[in-house]
Amino acid sequence: MTSNENQDHSVPKTHPRYESLKYRHKIIEGMKNLVVAEAGLIAHGRGECFDYILGEKTTLLAKKAIRTAVAALLLAEKPVISVNGNVAALVPEELATLSKIIPAPLEINLFYPKEGRIEAIKNVLQKAGATIIHGIDTHKMIELEGLKSNRRKVELIADADIVMVPLEDGDRTEALKKLNKKIIAVDLNPLSRTALWADITIVDNIVRVVPEMIKLTQELKKLNNTQIKEIVQNFNNKLNIQKTLDLIIKYLEIQKKKAFEILKF
Ligand code: ATP
Ligand code: MG
């Protein structure tokens, strides 16, 4: 395969899986630039699989969770958006915009440390317009108790009241919960430990979630504090996850019928 074939423009827009292939190439490019860890490719594949059985769209249940997440971030005193390699490769501009309009600082936090990775992610975020990026200076970091992975090293997250953790590892979600942080997870797998531990679980693809969050921030900023609080109070995360699982089961039943129609011939 030539390097040209790895470029986004080599995928014809008419290809039925254009969107999916476009983001695969972003992840591959990210890996070449040190932004994405090798294991990040596998994590992306796991995400794609769940996206597939959710119909590759933002469900109404995800929309509800996204709306609640934005409301919670607007009400927070010290919100932080945690950034890993996959997220930086997929939606850098959108993250920079969201960080500015909430406002909530971005903090780089990685499971797989590697020489030059933090620098590479910082560069991608800065190029995308982000101005406040933490998680770079090790002297400013402390270590979360009870956590062995590299994700234990945190800066502003240590003092945050609410942390948005897209594509997070379950161990750190658990550690952050034990420190009484409110957690917003973005995870396509509704059964992951992260999804089950979070306070607000957005079961949707990060590439659709962040643009929707930007849109909703502008909308919710027109409301008063009482109205924003009501959005958070009326949200039931457990019920939302249960309904999402029901939706997957229903979707698979429909797809099964469709597949049988094709297999008949
Ligand atoms: P946990 O540690 O929470 O139990 P896990 O070990 O199954 O989860 P990890 O590799 O730690 O999974 O985290 C990656 C998660 O991110 C997976 O659940 C995967 O489905 C999800 N994911 C991957 N790509 C995306 C994406 N583009 N948008 C949203 N979620 C994604
Ligand atoms: Mg994990």
Side-chain angles (χ1 to χ4, degrees), residues 8 17-31 35-59 61-66 69 81-95 98 108-114 117 121 124 144 146-152 163-178 181 183-214 237-238 240-241 244-245 247-248 251:
D8 173 7
R17 306 216 50 78
Y18 172 76
E19 283 292 310
S20 163
L21 292 173
K22 182 176 87 179
Y23 290 114
R24 275 190 187 178
H25 288 303
K26 280 188 190 249
I27 290 285
I28 293 167
E29 284 305 309
M31 194 197 68
V35 170
V36 172
E38 284 90 343
L41 269 73
I42 298 164
H44 185 79
R46 177 176 286 170
E48 276 190 342
C49 180
F50 280 98
D51 208 6
Y52 205 95
I53 58 172
L54 279 156
E56 292 175 305
K57 60 178 189 310
T58 302
T59 64
L61 297 164
K63 275 206 175 135
K64 211 171 177 182
I66 294 172
I81 302 171
S82 185
V83 180
N84 75 351
N86 283 39
V87 176
L90 291 172
V91 280
E93 282 90 10
E94 294 84 346
L95 276 180
L98 183 67
I108 300 170
N109 181 273
L110 309 175
F111 193 88
Y112 294 101
K114 194 174 181 179
R117 262 197 90 203
I121 294 173
V124 162
L144 293 176
L147 193 62
K148 288 207 174 70
S149 83
N150 187 64
R151 277 199 182 267
R152 71 186 183 280
V163 191
M164 176 166 151
V165 294
L167 286 59
E168 181 66 39
D169 175 64
D171 280 16
R172 192 174 74 138
T173 312
E174 200 175 332
L176 291 173
K177 275 311 299 168
K178 284 184 181 151
K181 313 280 178 207
I183 303 292
I184 298 168
V186 182
D187 195 327
L188 277 159
N189 177 5
L191 296 170
S192 80
R193 292 170 305 154
T194 300
L196 299 175
W197 271 92
D199 299 277
I200 302 166
T201 306
I202 302 168
V203 183
D204 193 12
N205 199 320
I206 191 71
V207 304
R208 294 188 296 266
V209 171
V210 188
E212 182 70 17
M213 286 180 87
I214 293 168
N237 200 48
K238 284 180 187 162
N240 221 53
I241 294 174
T244 304
L245 289 167
L247 205 72
I248 290 176
Y251 182 77

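For this chain, numbers begin at 1 and follow the sequence in order. Both ligands and their constituent atoms are indexed starting at 1 by order of listing.
When only non-hydrogen protein atoms are considered, atom 8 (O) of ligand 1 lies nearest to Ser192 CB, 3.7 Å. Protein heavy atom in closest approach to atom 6 (O) of ligand 1: Arg46 NH1, 3.7 Å. Given atom 11 (O) of ligand 1, the protein heavy atom at minimum distance is Asp169 OD1, 3.5 Å. The protein non-hydrogen atom at the shortest distance from atom 23 (C) of ligand 1 is Ala43 O, 3.1 Å.
Nearest approach of Trp197 to Glu174, heavy atoms of both residues: CZ2-CG, 3.1 Å.
The local environment of CZ in Arg152 is crowded, with over 12 non-hydrogen atoms from other residues, nucleotides or ligands closer than 6.0 Å.
Between atom 2 (O) of ligand 1 and the options Ala89, Gly40, Gly170, the minimum heavy-atom separation is to Gly170.
Considering only residues two or more places apart in sequence or on other chains, Ile248 meets the side-chain contact (heavy atoms from CB on, under 4.5 Å) condition with Ile53, Leu54, Pro190, Leu252.
With no hydrogens or angles considered, a side-chain donor-acceptor pair links Ser192 and Asp187 at under 3.5 Å. A donor-acceptor pair shorter than 3.5 Å can be found between the side chains of Asp204 and Thr58.
At least one heavy atom of Asp187 sits closer than 4.0 Å to an atom of ligand 1. Glu168 counts as a contact of ligand 1, since one of its heavy atoms falls under 4.0 Å from the ligand. Taking a 4.0 Å cut-off on heavy atoms, Asp204 registers as neighbouring ligand 1.
Because the distance cut-off is set at 2.8 Å, Asp171 fails to qualify as a neighbour of the Mg ion (ligand 2), as none of its N, O or S atoms comes that close.
Asn109 places a side-chain heavy atom less than 4.5 Å from the side chain of Arg172.
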- request: Could you please spell out the steps behind the salt bridge (charged side-chain N to carboxylate O under 4.0 Å, His left out) verdict for Asp199 and Lys177?
  value: CA-CA 9 Å; Asp199 299 277; Lys177 275 311 299 168; 2.8 Å; yes
